[in-house]
Participant: 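Structure incoming, see below.
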Number of protein chains: 2
Amino acid sequence: MNTDNTKSQMRKGMLEYCIMLLLRHQPCYANDIIQRLHEARMIVMEGTLYPLLSRLKRDGLLGYEWRESTQGPPRKYYVLTSEGQQALAQLDASWEEIERTVNFLKNE
Amino acid sequence: MNTDNTKSQMRKGMLEYCIMLLLRHQPCYANDIIQRLHEARMIVMEGTLYPLLSRLKRDGLLGYEWRESTQGPPRKYYVLTSEGQQALAQLDASWEEIERTVNFLKNE
DNA sequence: TACAATACCTTGTATCGCAAGGTACTAACA
DNA sequence: TGTTAGTACCTTGCGATACAAGGTATTGTA
């Protein structure tokens, strides 16, 4: 079997949550996010990240601002909006529910 | 926003894992699974479950046997194969990794 | 025989992650 | 000035999957 596939499926829905967790404390641009998620042992591809950020922006959960870079083109720094913070609180609850579900099933 | 969507996305990849957790101790047929997952606060639709079970069967992780019912047509009871148990062990590890990732990001 | 209940399965749609490829801006250097 | 390398943003095509809706088959009962 390819548990790889299942594994990536498991991470699928978590991505959005993890990214919003990342942005909770500080603005980040795409490469920041990729790198910091990598440190947290979650791999994200560019082709995944950019559409996701656009989606969250479109839904009003994220905003962004352009910032100059010391080398290279300017960067789009994403920030959690207040609506995004509310959504994040709900996702916290969802995560806890999933955690409860899995632990319930594991301890049966 | 519809955190409902995100929430269902979060649960998406977990389904396979949860079902295999369910089957670890005892054979179940579809309605058993739906009901017991419901008790664990995870909602699954029939149209989701049947293809998923077929997929796991096709991949050799599940087997099944027909059993008579006291009322109604016979039922297909699914069982974890030994290959399925190995896969489940890997999914346990994947789950723990995700748990670590989320907690890491939450405590930053 | 007709009907309701139960159980299994399929089809069409939407969403999402990912691989690959494309565009644009900046800096360094010949 | 022209070229090249590096960085950053974005899009397209594909495969996988959950879900809603609808379909088929078996059983028991009136």
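Chain letters run A, B, ... following the sequence lines, proteins first, then strands; residues in each count from 1. Please read these numbers as outputs of a predicted model, since none were measured by experiment.
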Participant: Applying salt bridge (charged side-chain N to carboxylate O under 4.0 Å, His left out) to B:Arg55 and B:Glu16, what does each step give before you reach the verdict?
Facilitator: CA-CA 10 Å; B:Arg55 209 162 57 235; B:Glu16 211 168 296; 3.6 Å; yes
Participant: Any side-chain N or O of B:Arg55 below 4.0 angstrom from OP1/OP2 of D:dT17?
Facilitator: yes
Participant: Is it true that atom CZ of A:Arg41 has more than 12 heavy atoms of other residues, nucleotides or ligands lying nearer than 6.0 Å?
Facilitator: no
Participant: Calculate the interatomic distance between B:Lys12 atom NZ and D:dA18 atom P; express it in whole Å.
Facilitator: 7 Å
Participant: Please tell me which of B:Arg75 and A:Met45 maps to the more 5' nucleotide of DNA chain C, matching each residue to the nucleotide holding its nearest heavy atom.
Facilitator: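 Counting from the 5' end, the first nearest nucleotide belongs to B:Arg75.
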Participant: D:dA16 P sits how many Å from B:Leu56 CG, rounded?
Facilitator: 14 Å
Participant: Please give, in whole Å, the distance from C:dC9 P to B:Leu52 CG?
Facilitator: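 To the nearest whole Å, that distance equals 13 Å.
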Participant: Rounding to an integer number of Å, can you tell me how far B:Gln71 CD sits from D:dA30 C1'?
Facilitator: 16 Å
Participant: Salt-bridge test for A:Glu108 and B:Arg24: reply yes if a basic N is under 4.0 Å from a carboxylate O, no otherwise.
Facilitator: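 Salt bridge flag = no for B:Arg24 with A:Glu108.
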Participant: Judged by each residue's nearest nucleotide on DNA chain D, which is more toward the 5′ side, B:Pro74 or A:Pro74?
Facilitator: A:Pro74
Participant: What is the distance from CZ of A:Arg67 to P of C:dC25, rounded to the nearest Å?
Facilitator: 21 Å
Participant: Please report the distance, rounded to the nearest Å, between CG in B:Leu49 and C1' in D:dC19.
Facilitator: 12 Å
Participant: Categorize B:Glu46 for me: base, sugar-phosphate, or nothing, with a 4.0 angstrom heavy-atom threshold over every strand shown.
Facilitator: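 Base, at least one base heavy atom under 4.0 Å.
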Participant: Using a 6.0 Å cut-off, check whether atom CD of A:Glu65 has over 12 heavy atoms from anything other than its own residue.
Facilitator: yes
Participant: Specify the residue among A:Glu68 and A:Thr48 whose closest nucleotide of DNA chain C lies further upstream toward the 5′ end.
Facilitator: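 The residue closer to the strand's 5' end, by nearest nucleotide, is A:Thr48.
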Participant: Please tell me if A:Lys76 has a side-chain N or O lying less than 4.0 Å from either OP1 or OP2 of D:dC10.
Facilitator: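 It does, given that an N or O in the side chain of A:Lys76 lies less than 4.0 Å from OP1 or OP2 of D:dC10.
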Participant: What residue among B:Leu52, B:Val79, B:Leu80 forms side-chain contact (heavy atoms from CB on, under 4.5 Å) with B:Leu62?
Facilitator: B:Leu80
Participant: Can you tell me how far C1' of C:dC8 sits from NZ of B:Lys57, to the nearest Å?
Facilitator: 15 Å
Participant: Expressed as a whole number of angstroms, how long is the span from B:Leu15:CG to C:dT15:C1'?
Facilitator: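 The distance from CG of B:Leu15 to C1' of C:dT15 comes to 15 Å, rounded to the nearest Å.
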Participant: So, does A:Tyr29 get its side chain near the phosphate of D:dA8, meaning an N or O under 4.0 Å from OP1 or OP2?
Facilitator: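 The answer is yes; a side-chain N or O of A:Tyr29 sits under 4.0 Å from OP1 or OP2.
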